[in-house]
Amino acid sequence: TKIIPSGNKFILTAYRHVSEEQALYLLNGKRVLEICGFANQQFDYTKLTEKYLVYKAESFNKFPYFVRHDLKTGKTWASDKQSDKVNFGKTKVITLEGTANRVKGALLYPTDYKPGAKYPLIVSLYEREAQEINKFRLPTLANPAGFNAALYTQNGYFILYPDLRYTHDNVLESFQTDLDGLLDKVIEEEPAVNADKLGVIGHSFGGFQVMHAVGHTNRFKAAVAGAG
C-alpha cells in the first residue's frame with residue numbers, strides 16, 4: 001500500500017500482487033472510502049480539496065486520464081471519453097501454479113484478436129515486467145530500448161511481460177525453468193498463441209537473459225539481445 005498524506009486525510013493506493021491490480025482509497029479518520037476499485041491500472045497525480053479528489057489513472061489499454069471525484073455525492077467526471085473509440089487490445093495476467101504466485105506474466109492481446117485465429121508472441125525480458133500491464137505505452141518508433149509493445153499488439157502480436165524468480169547462486173537455471181514453465185502455461189491457457197512463432201527480446205540484463213535462453217531452448221524463432 002502506498003500512502004499519500006494530505007492534511008488530516010490520507011490517500012491510499014492498494015496493490016494485489018497476484019493480478020497486478022491497483023485500487024484507490026481515501027482514509028478520513030476511521031472512515032475508509034473506496035474511490036476506484038481494483039483493476040489493472042495505476043495512479044499517478046493526486047490532488048485533494050475539501051470537496052474533490054482529483055487523480056490521474058492509466059493502463060496499457062487506456063491512455064492517461066484525469067478523474068474528479070465528488071467526496072460528498074460520490075459522482076465522478078473523467079476525461080477518458082475518447083479512449084472508448086481507440087482499441088488497444090485486452091490484457092490478462094497468467095500465473096504459474098506451484099510458485100506461490102511469484103511466477104506470472106502480463107499477456108497483452110493483439111488489437112485484431114479473434115478467437116480461433118493464431119498469432120505470434122514476443123516475450124520481453126527484464127527482471128520483473130508484469131507491472132507493464134498497468135502502464136500506457138504510446139505506439140511510437142521513438143523507443144530508447146528499441147521495443148514498443150503497443151506497436152506490436154497493433155500489428156497482430158501477443159506480448160508477454162513475465163515476472164520470474166531469480167534464485168541466489170542459481171540465477172540462470174531458475175530463470176530458465178520459470179520461463180519455460182510460464183510459456184507452457186500461456187500456450188495452454190490461450191490457444192490463439194502460435195507456439196511455432198515465438199520471439200524474445202531484452203535489453204541490458206534482459207539481453208543477458210535472452211542470450212542464455214536461446215542457448216538452452218530452441219523454441220524461439222527470433223531473438224534480440226541489446227546491451228547484454
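Residues: numbered from 1 along the sequence shown.
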Checklist entry - So, Lys75 and Asp70, do they make that salt bridge, N to O below 4.0 Å? => result no

Checklist entry - Which pair of heavy atoms, one from Glu50 and one from Leu71, lies closest together, and at what distance? => result O-CD1, 3.9 Å

Next on the checklist: For a quick test of reading the model, state the closest non-hydrogen atom pair linking Leu179 to Ala213 and the distance between them.
Outcome noted: CD2-CB, 4.2 Å

Checklist entry - Are Lys135 and Gln42 close enough that some pair of their side-chain heavy atoms sits under 4.5 Å apart? => result yes

Checklist outcome for this item: Between Gln176 and the options His216, Gln209, His212, the side chain to side chain donor-acceptor pair (under 3.5 Å) test singles out His212

Item to check | Gln131 and Tyr161: side chain donor to acceptor below 3.5 Å | outcome: no

Next on the checklist: Please find the pair of heavy atoms, one from Val210 and one from Ala223, that lie closest to each other, and give the distance.
Outcome noted: CG1-CB, 3.9 Å

Checklist entry - Could you give the distance from CG (Leu125) to CE (Met211), rounded to the nearest 0.5 Å? => result 11.5 Å

Checklist entry - For Leu121 and Ile159, what are the C-alpha separation, side-chain angles and deciding distance, and is it a side-chain contact (heavy atoms from CB on, under 4.5 Å)? => result CA-CA 6 Å; Leu121 177 143; Ile159 303 297; over 6 Å; no

Next on the checklist: Are there over 12 heavy-atom neighbours, none belonging to Lys185, within less than 6.0 Å of that residue's NZ?
Outcome noted: yes

Checklist entry - Got Lys51 and Lys72 here, is their nearest side-chain heavy-atom distance under 4.5 Å? => result no

Checklist entry - Near Glu173 CD, under 6.0 Å, is it more than 12 heavy atoms from other residues, nucleotides or ligands? => result no

Checklist entry - Under the criterion ring-ring contact (aromatic ring centres under 6.0 Å, His included), which of Tyr113, Phe136, Phe60 is the partner of Phe88? => result Phe136

Checklist entry - Any sub-3.5 Å donor-acceptor pair from Tyr126's side-chain atoms to Gly202's backbone N or O? => result no

Checklist entry - Between Phe158, Tyr157, Tyr152, which is the residue that forms a side-chain contact (heavy atoms from CB on, under 4.5 Å) with Pro110? => result Phe158

Item to check | SB check Asp196 Lys118 (cutoff 4.0 Å) | outcome: no

Item to check | Electrostatic pair Arg16:Glu20 at N-O distance under 4.0 angstrom | outcome: no

Checklist entry - Side chain of Asp44, backbone of Lys56: donor and acceptor closer than 3.5 Å? => result no

Checklist entry - Would one find more than 12 heavy atoms of other residues, nucleotides or ligands at under 6.0 Å from atom CZ of Arg102? => result no

Next on the checklist: Distance check, rounded to the nearest 0.5 Å: Leu33 atom CG versus Ile11 atom CD1?
Outcome noted: 11.5 Å

Item to check | Heavy-atom pair with the smallest gap, counting every atom of Leu182 and Leu96 | outcome: N-CD2, 4.0 Å

Next on the checklist: Testing the basics here: between Gln82 and Phe63, what is the closest heavy-atom pair and its distance to 0.1 Å?
Outcome noted: C-CZ, 3.9 Å

Checklist entry - Are the charged groups of Asp80 and Lys62 less than 4.0 angstrom apart, N to O? => result yes

Checklist entry - Would Phe147 and Ser124 count as a side-chain contact (heavy atoms from CB on, under 4.5 Å) if you check the C-alpha gap in whole Å, the side-chain angles of each, and the deciding distance to 0.1 Å? => result CA-CA 9 Å; Phe147 181 71; Ser124 178; 3.9 Å; yes

Next on the checklist: Within the 3.5 Å criterion, strictly below it, is a donor on Tyr109 or Glu190 matched to an acceptor on the partner's side chain?
Outcome noted: yes

Item to check | Spatial distance of atom CD (Glu21) from atom OG (Ser59) [nearest 0.5 Å] | outcome: 11.5 Å

Next on the checklist: Would you say that Val67 contacts Tyr65 through its side chain, given a criterion of any heavy-atom pair below 4.5 Å between the two side chains?
Outcome noted: yes

Next on the checklist: Rounded at 0.5 Å granularity, tell me how far OG in Ser79 sits from CZ in Arg68.
Outcome noted: 11.5 Å

Item to check | Aromatic ring proximity, centroids under 6.0 angstrom, Tyr166 and Phe205 | outcome: yes

Item to check | Separation between CG of Asp112 and CG of Asn155, rounded to the nearest 0.5 Å | outcome: 8.5 Å

Next on the checklist: Taking the basic N atoms (NZ, or NE/NH1/NH2) and the acidic carboxylate oxygens, is any pair closer than 4.0 Å for Asp184 and Arg219?
Outcome noted: yes

Item to check | Side-chain touch Lys104/Pro162, heavy atoms, less than 4.5 angstrom | outcome: no

Next on the checklist: Within this structure, what is the NZ-OH distance for the pair Lys114 and Tyr119, rounded to the nearest 0.5 Å?
Outcome noted: 5.5 Å

Which atom pairs, one a donor and one an acceptor, fall under 3.5 Å between side chains of residues 23-31 and the rest of the protein, sequence neighbours left out?
none

Item to check | Note, Val103 side chain near Asp163 side chain (heavy atom, < 4.5 Å) | outcome: no

Next on the checklist: Give me the atom names and distance for the closest heavy-atom approach of Ile201 to Gly146.
Outcome noted: CD1-O, 4.3 Å

Item to check | 4.5 Å side-chain heavy-atom contact, Val200 and Val214 | outcome: yes

